[in-house]
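Below: the structure, in structure tokens.
For clarity, every value in this text was computed on a predicted model and none was experimentally measured.
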Number of protein chains: 2
Amino acid sequence: MTIKQVSEIYNISQDTLRYYEKVGMIPTVNRNKSGIRDYTEQDLDWVQTAICMRSAGLPVDVLVQYLKLYKQGDETFKQRLDLLKNQYDKLLKQREQINQTLEKLNYKISRYEIAVKTGKLSWD
Amino acid sequence: MTIKQVSEIYNISQDTLRYYEKVGMIPTVNRNKSGIRDYTEQDLDWVQTAICMRSAGLPVDVLVQYLKLYKQGDETFKQRLDLLKNQYDKLLKQREQINQTLEKLNYKISRYEIAVKTGKLSWD
DNA sequence: TTAATAGTTGGAGTGTACTCTAAGTCAAGG
DNA sequence: CCTTGACTTAGAGTACACTCCAACTATTAA
């Protein structure tokens, strides 16, 4: 599968796909005889995961670290587990933060719904 | 209240507080006769809200836009409401993204829990 | 009175994550 | 054969959100 197809499937730029590979967030993709990337199903799995993790805000260097451990083989299960747990906890906190902000926004929104109708903003 | 106190209460750097004011994310804080910031309760409200919104990921320029509308007065209720709703929707999507990633991480974590015990990673 | 401490400003510098550019290669269609 | 278009690389440039710095001023304790 070409980089163009992958970029269309996942709605991500070709530059970003090359960047993810260059920094080591995903394993090196095989090239055909003319040096063009040919993504395998496995590559797609890595791409998919990378995009998922990044869109939730996991830092690039953490994902790079994960791939590095992965490439070191079975000796690194524990380290990979710790890394994943660590990111899991951070995401829980981030979700909690979002929940608080949603509440605050919701409160403000309801005040403005009224303000738009009545022409004035109540209580402070 | 001094900038030092505010920074300690909210656990944010003085530089960041000054930055938020400089870019217009919060209103200008009054200075005493020696030119030093003296935060009022109202200022603290703005600071608090700014920190909350930023920590959920709302962009600085959106918060700047909000304050700009706020300063323009009652004519901008509708615009402020739209802006807030817009950010609310984006946060809902972001939370959904985090939920998906948490699920994925959870799946990986449970596989690694087993891998750490058995010494090998099952299914793929 | 002087030294330390805490604040001020404008502007430069940094880290993160892309995003773009230039120069080149290759395969296919006219 | 030659052009077009999709790909390649290394490396430069950009956007965002701080973060740091230099030079300065004001207050307080010794």
Side-chain angles (χ1 to χ4, degrees), chain A residues 1-40 43 46-47 49-68 87 90-91 94 97-98 101, chain B residues 1-40 43-44 46-47 49-68 87 90-91 94 97 101:
Chain A
M1 182 166 279
T2 67
I3 198 169
K4 185 187 172 70
Q5 291 174 306
V6 177
S7 82
E8 280 165 0
I9 287 168
Y10 294 111
N11 207 35
I12 185 180
S13 79
Q14 300 182 26
D15 274 327
T16 300
L17 283 168
R18 284 187 279 255
Y19 168 74
Y20 284 178
E21 188 181 337
K22 176 153 66 176
V23 297
M25 246 170 80
I26 60 171
T28 306
V29 175
N30 276 331
R31 316 296 150 105
N32 65 20
K33 41 257 148 266
S34 1
I36 287 173
R37 284 173 184 79
D38 182 16
Y39 289 79
T40 63
D43 292 328
W46 278 97
V47 167
T49 301
I51 292 169
C52 179
M53 300 292 148
R54 280 294 304 128
S55 65
L58 272 70
V60 166
D61 65 317
V62 169
L63 302 176
V64 169
Q65 180 59 18
Y66 179 80
L67 178 55
K68 211 173 267 171
Q87 297 306 308
K90 287 191 175 146
L91 273 195
Q94 181 58 18
Q97 187 54 59
I98 286 177
T101 305
Chain B
M1 182 167 282
T2 67
I3 197 170
K4 184 186 172 71
Q5 291 173 307
V6 178
S7 81
E8 280 165 1
I9 288 168
Y10 294 112
N11 207 35
I12 184 181
S13 79
Q14 299 180 28
D15 273 326
T16 301
L17 283 167
R18 284 187 281 255
Y19 168 73
Y20 284 178
E21 188 181 338
K22 177 153 65 177
V23 298
M25 246 171 79
I26 60 172
T28 306
V29 175
N30 276 332
R31 316 294 151 109
N32 66 19
K33 39 261 149 268
S34 0
I36 287 173
R37 284 173 183 80
D38 182 15
Y39 289 79
T40 64
D43 291 328
L44 292 193
W46 278 97
V47 166
T49 300
I51 292 169
C52 179
M53 299 292 149
R54 280 295 301 126
S55 64
L58 271 72
V60 166
D61 65 315
V62 169
L63 302 175
V64 169
Q65 180 59 17
Y66 178 80
L67 177 57
K68 211 174 266 171
Q87 296 307 307
K90 287 191 176 149
L91 273 195
Q94 181 60 17
Q97 187 55 60
T101 305

Roughly how far apart are Tyr20(B) OH and Leu63(B) CG, rounded to 0.5 Å? 8.5 Å
Reckon Arg54(B) has a side-chain N or O less than 4.0 Å from the OP1 or OP2 of dC16(D)? no
Closest nucleotide among dA17(D), dA17(C), dA26(D) to the Pro59(A) side chain: dA17(C)
When you check the phosphate oxygens OP1 and OP2 of dT8(D), does a side-chain N or O of Arg31(A) lie under 4.0 Å from one of them? no
Tell me whether Gln87(B) contacts the main-chain N or O of Leu58(B) through its side chain, where contact means a donor paired with an acceptor under 3.5 Å. no
Short side-chain N/O contact to dA17(D) OP1/OP2 from Thr16(B), under 4.0 Å: no
Picking from dT9(C), dG7(C), dC18(C), the nucleotide nearest the side-chain atoms of Tyr20(A) would be dC18(C)
Side chain of Arg18(A) only, please: which of dA17(D), dG7(C), dT8(D) is the nearest? dT8(D)
Counting heavy atoms not belonging to Asn11(B), are there more than 12 under 6.0 Å from its CG? no
Is there a donor-acceptor pair under 3.5 Å between the side chain of Arg54(B) and the backbone N or O of Cys52(B)? no
Mind checking Lys22(B) for me? I need base, sugar-phosphate or nothing, with any heavy atom below 4.0 Å counting as a touch. base
Against the side chain of Asp15(B), the closest entry in dT8(D), dC26(C), dT19(D) is dT19(D)
Base, sugar-phosphate alone, or nothing: which one does Lys33(B) contact when heavy atoms must sit under 4.0 Å apart? nothing
